[in-house]
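Just so we're on the same page: letters track the sequence lines, and every chain starts at 1.
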Amino acid sequence: MEYVQERPYRFRVEPRDGMRAPGVVFASRELMRDAEKSLEQVVNVATLPGIVGASYAMPDIHWGYGFPIGGVAATDVADGGVISPGGVGFDISCGVRLLAADCDRQTLEPALQAVMDGLGHVIPRGAGPGGVWKPAGRQELESVLEGGSRYAVEQGHGNERDLRRCEDGGAVAEADAGQVGERARERGLVQVGSLGSGNHFLEVQQVAEVYDESVAAAFGLARDQVCVMIHCGSRGLGHQICTDHVRAMDSVMARYGIQVPDRQLACVPVDSPQGRDYLGAMAAAANYGRANRQLLAQAARRVFRRTAGAGLDLVYDVSHNLAKIETHRVDGAERRLCVHRKGATRAFPPGHPELPEELRGVGQPVLIPGTMGTASYVLTGVTDGDAFHSTCHGAGRALSRHQAARTIGGKQLRARLEADGIAVRPMSPRSLAEETPEAYKDVAAVVEASEGAGLCRKVARLVPLGVVKG
DNA sequence: ATGTCC
């Protein structure tokens, strides 16, 4: 696959063979070598009807279902633009929530093991059913699907300030629970407030480094401060919605005269019955994901209060697997676009009207989960951000689960992490081994490249003190 | 990611 370097941290594939836009990859030269393996998917996405700008890829790009993970593509709604579930991913609204504790690492130290034991006890994790909160019935599940974090807070699980610090105020308005199928509901009923497995986690962290004091202060973060980061999604419910709607789209796509180079890029016009159906169901899954993170945060708050006498304030909650209808300026005109971000994080700039007043001067907090043994990052959106104000979402996998588990045993890894001062509360040794830090790219390099490409700015680096893993 | 295959 041929590409050229346009400038530092930016590579380009010229349009050819059915591509309606160029491909653009933000990466260092070194990360670009990894990215090459997924360029075919970047090129495939560029053939989607109505695509504007480019088919973009973030520095943590890797192979995914249809779209690459780390892919961003926007389509023009009024110009036959399509919506593709492959551009969102199976884990709809997977995302990150960061809470800042009212104590620093030294103060927490004597209580850390008790905090970790408490979290290990109350945080449901791993595949299958189990959640901290059970909706009373079908009716209440619908309330979660339509109300997200807002509904959870209305029921006493959090406060109004939490909602200001959630993307979309905690709930996407366009959710349509009627488009959530029976099996998705069954699966969703028993998993509200659960982590799941794979790279999902709840970590107790410490602010190890601050790159921008004033932005960090606006986010409520300072050096040595204790934080809690929660990374999870919409569990079986989102997965089932994706499965159901891909099938529905696949069977009608030809009727719209749409051809795609990969069946996994199934799509329909945003402005079509099937497009609206998927967007309504996707929004419902998005709300489920936010309620999920809200309820896990409440569980963490109870543990911190009881075992350490500490409080937790929400810094922000943002998804990195979602499609959204947003207005952007394209070729000098305001256009309504369907922005797919799959393994890419929205990064609104300072002054954006959708940011809460107290953050409007500094930009949107962007939360980047790293790996267990290394670090996570807090970034902020920038004024001249590219790719429809998007940036990276994490380290990005480098080894398969199988390969990872071959490099180290779970017990050995746990011993190594504990020796490094990181308390670990895993679901099983095997699941831990699959998530060994060596299985991931260097998150610092990914963040460096994202900043170098002009997508965001670094605010703080967080290191783990304790990890609860699915 | 996912009741890791309906």
Student: Check this for me, if you would: do A:Glu448 and A:Lys458 make a salt bridge, where the nitrogen-to-carboxylate-oxygen distance has to be below 4.0 angstrom?
Tutor: yes
Student: Just wondering, are more than 12 heavy atoms of other shown residues or ligands nearer than 6.0 Å to CZ in A:Arg29?
Tutor: no
Student: At 4.0 Å (heavy atoms only), tell me whether A:Gly236 reaches a base, stays on the sugar-phosphate, or touches nothing.
Tutor: sugar-phosphate
Student: Whole angstroms only, please: what is the CD1-P distance between A:Ile241 and B:dT2?
Tutor: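 After rounding, the reported distance stands at 14 Å.
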Student: Rounded to the nearest angstrom, tell me the gap between atom CD in A:Glu182 and atom C1' in B:dC6.
Tutor: 17 Å
Student: Under the side chain to side chain contact (heavy atoms under 4.5 Å, CB included) test, which residues partner A:Ala323, sequence neighbours left out?
Tutor: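 Here the qualifying residues are A:Ile83, A:Val88, A:Met282, A:Cys338, A:His340.
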Student: Taking any heavy-atom pair under 4.0 Å as a contact, classify A:Arg397: base, sugar-phosphate, or nothing.
Tutor: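 Nothing: the residue A:Arg397, judged by heavy atoms under 4.0 Å, touches no strand.
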Student: Quickly work out the A:Glu434 CD to B:dT2 P distance and round it to whole Å.
Tutor: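 Checked: the CD to P distance equals 12 Å.
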Student: Quick one: stems involving DNA chain B, counted as three or more successive Watson-Crick or G-U pairs, both distances short of 3.5 Å.
Tutor: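 None - DNA chain B has no stem of 3 or more consecutive pairs.
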Student: Mind checking if A:Gly198 touches a base, just sugar-phosphate, or nothing, with heavy atoms under 4.0 Å?
Tutor: sugar-phosphate
Student: Separation of A:Leu195 atom CG from B:dT2 atom P, in whole Å?
Tutor: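 After rounding, the reported distance stands at 10 Å.
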Student: Looking at every strand, decide which applies to A:Gly238 at a 4.0 Å heavy-atom threshold: base, sugar-phosphate, or nothing.
Tutor: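 It contacts nothing in the nucleic acid.
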Student: Taking only Lys NZ, Arg NE, NH1 and NH2, and the carboxylate oxygens of Asp or Glu, determine whether A:Asp34 and A:Lys37 approach each other closer than 4.0 Å.
Tutor: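 So A:Asp34 pairs with A:Lys37 through a salt bridge.
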Student: Only pairs under 3.5 Å count here: list side-chain donor-acceptor contacts from residues 415-423 of chain A, not counting sequence neighbours, and write none if there are none.
Tutor:
| residue | atom | partner | partner atom | Å |
| --- | --- | --- | --- | --- |
| A:Arg416 | NH1 | A:Glu438 | OE2 | 3.1 |
| A:Arg416 | NH2 | A:Glu438 | OE2 | 3.2 |
| A:Glu418 | OE2 | A:Arg414 | NE | 3.2 |
| A:Glu418 | OE2 | A:Val424 | N | 3.2 |

Student: Nearest whole angstrom, please: distance from the P of B:dT4 to the OH of A:Tyr65.
Tutor: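 In whole Å, B:dT4 P and A:Tyr65 OH are 17 Å from each other.
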Student: Measure CD/A:Gln264 against P/B:dT2 and give the value in whole Å, please.
Tutor: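 That distance rounds to 18 Å.
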Student: Between the side chains of A:Asp60 and A:His393, does any donor sit under 3.5 Å from an acceptor?
Tutor: yes
Student: Below the 4.0 Å mark, does B:dT2 have OP1 or OP2 next to a side-chain nitrogen or oxygen of A:Thr243?
Tutor: no
Student: Can you confirm whether A:Arg301 is buried at CZ, in the sense that more than 12 heavy atoms of other residues, nucleotides or ligands lie under 6.0 Å from that atom?
Tutor: yes
Student: So, is A:Arg235 near the phosphate of B:dT2, with a side-chain N or O under 4.0 Å from OP1 or OP2?
Tutor: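 Result: yes.
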Student: Separation of A:Gln191 atom CD from B:dT2 atom P, in whole Å?
Tutor: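 Roughly 8 Å, once rounded to whole Å.
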Student: Could you state the CD-P distance from A:Gln240 to B:dC5, rounded to the nearest angstrom?
Tutor: 14 Å
